[in-house]
Amino acid sequence: MTQYAPRPPSRVFGIDPGLTRCGLGVVEGVPGRPPTLVAVGVVRTDADEHIAARLLAIEEEIERWLTEYRPDTVAVERVFSQHNVRTVMGTAQAGAVAIVCAARRGLPVTLHTPSEVKAAVTGSGRADKDQVTAMVMRLLRMSAPPRPADAADALALAICHLWRAPALKARQPPARPAKPTASTASTASTASTASTASTASTASTSAESATPVVGGAR
């Protein structure tokens with residue numbers, strides 16, 4: 001009977017970006033099974049501080065989490081359109097910091113929309129925050145809800161990616177073969193020409209050696 005090795009667990013770092021509160025959550029597990037809680041928290045910055053200082057504080061905390069928990073992949077909430085442009089800008093900036101931190105370490109980053117996260121965790125893309133928090137508590141076997149809600153959203157992001165990763169990978173188109181560059185085409189052409197000339201020269205030599213000598217040697 002063939003023995004199949006179990007799939008190794010994957011550790012996902014979910015980040016719910018925001019300037020005032022940036023939710024952080026790490027879970028571990030395999031697709032199709034309830035995950036395990038590793039860590040949850042939130043980065044807070046003061047609205048009175050300069051934007052540069054706030055983004056730096058978020059970067060430093062994300063870097064600390066990456067070092068401490070060593071995730072295999074990072075999931076960040078995709079910024080969606082809102083009427084409050086200032087809020088959107090802050091969320092986008094915090095999200096960009098998270099993406100850069102992961103990229104610096106060579107970690108794959110995936111963006112998920114809020115509706116994708118809700119659908120993955122609760123089964124409905126229109127679920128409210130209370131429903132998402134309740135399902136996160138149930139899946140991670142938590143006795144108390146993670147607070148603030150940004151922390152629960154970060155865990156939901158991590159769970160969403162953990163479960164959706166195989167489907168996302170399966171939908172990726174196969175890699176196309178690289179097109180030959182001008183240098184490669186020139187080299188191939190030169191090699192082809194040289195090969196043709198060599199073949200012709202060899203054929204000519206063979207023909208000369210095969211020509212009979214009239215009268216023979218004396």
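Just so you know, residue 1 is the first one in the sequence shown, and it goes up from there. We use all heavy atoms of the structure for the numbers below, so side chains are in, but hydrogens, waters and symmetry mates are not.
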Report the C-alpha distance between Leu37 and Leu155 in whole Å, list the side-chain angles of each, state the deciding distance to 0.1 Å, and finish with yes or no for side chain to side chain contact (heavy atoms under 4.5 Å, CB included). CA-CA 8 Å; Leu37 173 65; Leu155 289 174; 3.7 Å; yes
For side chain to side chain contact (heavy atoms under 4.5 Å, CB included), just list the numbers for Leu162 and Ser10, CA-CA rounded to whole Å, side-chain angles, deciding distance to a tenth of an Å, and then say yes or no. CA-CA 7 Å; Leu162 183 66; Ser10 178; 4.1 Å; yes
Nearest heavy-atom neighbours spanning Ala75 and Val12: CB-CG1, 4.3 Å
Pair Glu77, Leu111 - check side chain to side chain contact (heavy atoms under 4.5 Å, CB included), show working. CA-CA 6 Å; Glu77 183 176 275; Leu111 305 180; over 6 Å; no
Nearest atoms (heavy-atom pairs only) where Ile99 meets Val76: CG1-CG2, 4.4 Å
Answer yes if Val43 and Val109 sit in the same cluster of Ile, Leu, Val, Met, Phe, Trp and Tyr residues linked by side chain heavy atoms under 4.5 Å apart, and no otherwise. yes
Any donor-acceptor N/O pair, Thr73 side chain to Pro108 backbone, under 3.5 Å: yes
Between the side chains of Arg21 and Thr45, does any donor sit under 3.5 Å from an acceptor? no
So, do Thr122 and Val132 sit near enough that their side-chain heavy atoms are less than 4.5 Å apart? yes
Check whether any side-chain heavy atom of Leu19 lies under 4.5 Å from a side-chain heavy atom of Met89, and answer yes or no. no
Please answer whether the main-chain N or O of Ser124 pairs with a side-chain N or O of Lys118 as donor and acceptor at a distance below 3.5 Å. no
Using only heavy-atom distances, determine whether the side chains of Arg105 and Thr67 contain a donor-acceptor pair under 3.5 Å. yes
Value for CD1 (Ile62) from SG (Cys22), rounded to nearest 0.5 Å, stands at 5.0 Å
Before giving the answer on side chain to side chain contact (heavy atoms under 4.5 Å, CB included), spell out for Asp16 and Leu24 the whole-Å C-alpha distance, their side-chain angles and the decisive distance to 0.1 Å. CA-CA 7 Å; Asp16 181 40; Leu24 308 176; over 6 Å; no
Specify the closest pair of heavy atoms between Val117 and Cys160, including all atoms of both residues, with the distance to one decimal. CA-SG, 3.8 Å
Asp72 and Pro9 have their tightest heavy-atom pair at OD2-O, 4.2 Å
Taking the side chain as every heavy atom from C-beta outward, state whether Thr36 and Arg141 have any atom pair closer than 4.5 Å. yes
Determine yes or no for a side-chain-to-main-chain donor-acceptor pair under 3.5 angstrom, with Trp163 supplying the side chain and Arg33 the backbone. yes
All heavy atoms of Pro34 vs all of Leu139, minimum pair found to be CB-O, 3.9 Å
Donor-acceptor pair, distance only, cut-off 3.5 Å: does the side chain of Arg54 make one with the backbone of Asp46? yes
Atom pair CG/OG1 of Leu157 and Thr113 - distance to nearest 0.5 Å: 9.5 Å
So, are Arg11 and Glu28 salt-bridged, with charged N and O less than 4.0 Å apart? yes
Look at Glu68 together with Arg64 and state whether they make a salt bridge at an N to O cut-off of under 4.0 Å. yes
For Arg126, is the CZ atom crowded, meaning more than 12 foreign heavy atoms sit under 6.0 Å from it? no
Using a cut-off of 6.0 Å, state whether more than 12 heavy atoms not belonging to Arg104 lie near its atom CZ. yes
Could you tell me whether the side chain of Glu60 and the main chain of Ala57 form a donor-acceptor pair under 3.5 Å? no
Could you state the interatomic distance from CG (Asp128) to CD (Gln131), rounded to the nearest 0.5 Å? 4.0 Å
Side chain to side chain, Met137 and Pro146, heavy atoms closer than 4.5 Å: yes
Gly25 and Ala154: which non-hydrogen atoms are nearest, and at how many Å? N-CB, 3.5 Å
Connected via hydrophobic side-chain network under 4.5 Å: Phe13 and Met142: no
